[in-house]
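Here the structure is laid out as structure tokens; the discussion comes afterwards.
Residue numbers start from 1 in every chain, and the chains themselves are labelled A, B, ... in the order their sequence lines are given, proteins ahead of strands. Basis for what follows: all heavy atoms, side chains included, without hydrogens, waters or symmetry-related copies.
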Protein chains: 2
Amino acid sequence: MKKGIFYAVGVGSGDPMDMTLKARDILEKADVIIIPVKKKGKCSIAYQIAVQAANMEQAEKIEMVFPMKPKTDYRVNLRNEAMQSIYQALDAGKTVAMVTLGDVSVYSTATYVRQILKMNGYETKVVAGIPSFCSGAAKAQQSLCENGESLMVMPGVISKESVDSTLERFDNILIMKAGKAMKWLIPLLESRGLLNNTIMFQNVGMQNEYIGTPKNGEQSYFTTLLIKKGGLL
Amino acid sequence: MKKGIFYAVGVGSGDPMDMTLKARDILEKADVIIIPVKKKGKCSIAYQIAVQAANMEQAEKIEMVFPMKPKTDYRVNLRNEAMQSIYQALDAGKTVAMVTLGDVSVYSTATYVRQILKMNGYETKVVAGIPSFCSGAAKAQQSLCENGESLMVMPGVISKESVDSTLERFDNILIMKAGKAMKWLIPLLESRGLLNNTIMFQNVGMQNEYIGTPKNGEQSYFTTLLIKKGGLL
């Protein structure tokens with residue numbers, strides 16, 4: 001029997017209308033939907049977005065646990081169980097689609113699943129989604145880069161020294177997953193006189209969306225800073 | 001009379017199915033579609049993409065010239081003419097939507113129009129699109145950044161020295177509009193032993209799409225290099 005195809009599908013970062021025509025099409029045709037969750041039974045933001053724009057009623061749903069700290073055996077076992085279900089579905093010729101927050105190529109857990117499947121000889125495909133920094137920039141009506149400018153994308157888990165030398169050298173800097181780093185990012189931006197050149201995107205497209213001046217103290221995981229050395233628009 | 005709203009709409013970089021649900025919706029409801037062209041009467045790639053997925057038959061179409069070298073008076077006059085038509089349409093309460101290749105926040109001409117309109121007191125909105133580097137990465141099934149990695153986006157017009165020092169310092173580098181720079185980029189990547197860590201995306205989603213090993217000599221304007229120092233997937 002011909003094996004099924006696995007699709008990693010980016011669903012954008014909050015607004016279901018940010019989903020692409022292709023993403024909706026693939027999700028509505030899939031036999032099995034893989035839903036990434038942080039804990040068994042926890043709600044999946046990616047699925048909550050997708051279900052508002054795509055009819056997936058007919059598909060079988062399989063939860064897949066991606067814990068924030070993936071070191072414990074118990075959690076690895078949970079993930080392996082879900083992998084077994086994916087193998088079974090693909091072997092039975094079914095189409096399997098995994099919903100993924102934002103874009104599949106930007107800090108995505110789907111890459112992990114796709115690589116394992118590929119190594120095991122399965123056919124995989126990727127459907128691009130709007131990354132959170134693009135939907136944030138759109139809402140804020142800021143450009144990320146223009147003409148000869150560069151854009152640096154870095155995660156907030158990076159060191160203060162690394163951010164500092166980046167601020168020195170580049171035009172536009174995006175710091176993603178900046179929530180925990182805000183306590184040292186704000187003083188750093190202040191010391192470089194860049195606080196007024198910075199806009200914060202938080203929970204873009206979601207209920208508690210915030211787009212504006214950077215806020216002090218620990219913030220949501222979905223916090224991105226855009227620093228434009230040439231000034232905000 | 002209430003003035004109309006101007007929408008800058010990203011339509012993705014080639015495949016019409018990469019358009020978002022919102023982009024299609026806005027384009028189908030707009031009274032006036034602004035079509036960016038390089039020369040009067042020349043075909044617009046952004047419009048060619050949009051028209052395959054959105055029904056814009058009823059809308060008035062206005063061409064807007066964005067020459068590659070925008071210094072001559074003649075061309076500036078052509079652009080000003082189109083701006084006048086936009087003002088008139090918005091003053092008459094019409095919805096105006098400008099189609100834009102890729103995403104509106106990444107090296108986009110729409111930013112220019114939007115800023116002028118904003119300065120003149122008009123309401124503007126941005127609809128995000130899939131940037132070419134995301135659709136290229138999806139087709140190539142490569143991640144742009146994972147975990148603690150950074151991603152540097154830079155245009156090919158930048159200097160060789162600047163690219164070289166970036167290659168030294170960062171994990172993942174995207175060089176966009178790399179067509180003319182290929183003649184010095186290939187030897188540079190070779191000298192750093194990074195040619196096998198590099199994939200070229202060209203004309204993604206278009207007829208003459210190429211995704212693979214970097215090609216030597218001058219290439220199409222829509223050429224992007226992804227260099228992954230940790231290795232391609």
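Residue contact with chain B, scored on non-hydrogen atoms closer than 4.5 Å, involves the backbone and the side chain of A/Val106 alike. Residue contact with chain B, scored on non-hydrogen atoms closer than 4.5 Å, involves the side chain of A/Asp25 exclusively. Heavy atoms closer than 4.5 Å to chain B are found in both the backbone and the side chain of A/Glu146. Contacts of B/Asp15 with chain A are made by side-chain atoms alone, with heavy-atom separations under 4.5 Å and no backbone atom involved. Both the backbone and the side chain of A/Thr124 come within contact range of chain B, each with at least one heavy atom under 4.5 Å from a heavy atom of that chain.
Atom CG of B/Asp164 is surrounded by more than 12 heavy atoms from other residues, nucleotides or ligands within 6.0 Å.
The closest side-chain heavy-atom distance from B/Ser143 to A/Ser108 is not below 4.5 Å. Between A/Pro16 and B/Leu21, every side-chain heavy-atom pair lies at or beyond the 4.5 Å cut-off. With a 4.5 Å cut-off on side-chain heavy atoms, B/Phe170 and A/Met154 do not count as touching. Between B/Ser165 and A/Arg169 the shortest side-chain heavy-atom distance falls below 4.5 Å. Looking only at side-chain heavy atoms (C-beta outward), B/Thr111 and A/Gln142 stay at 4.5 Å or farther from each other. Contact annotation: the side chain of A/Asp18 approaches that of B/Lys22 to within less than 4.5 Å [non-hydrogen atoms, C-beta and beyond]. Residues B/Pro155 and A/Glu149 have side chains not in contact (no heavy-atom distance under 4.5 Å, counting atoms from C-beta outward).
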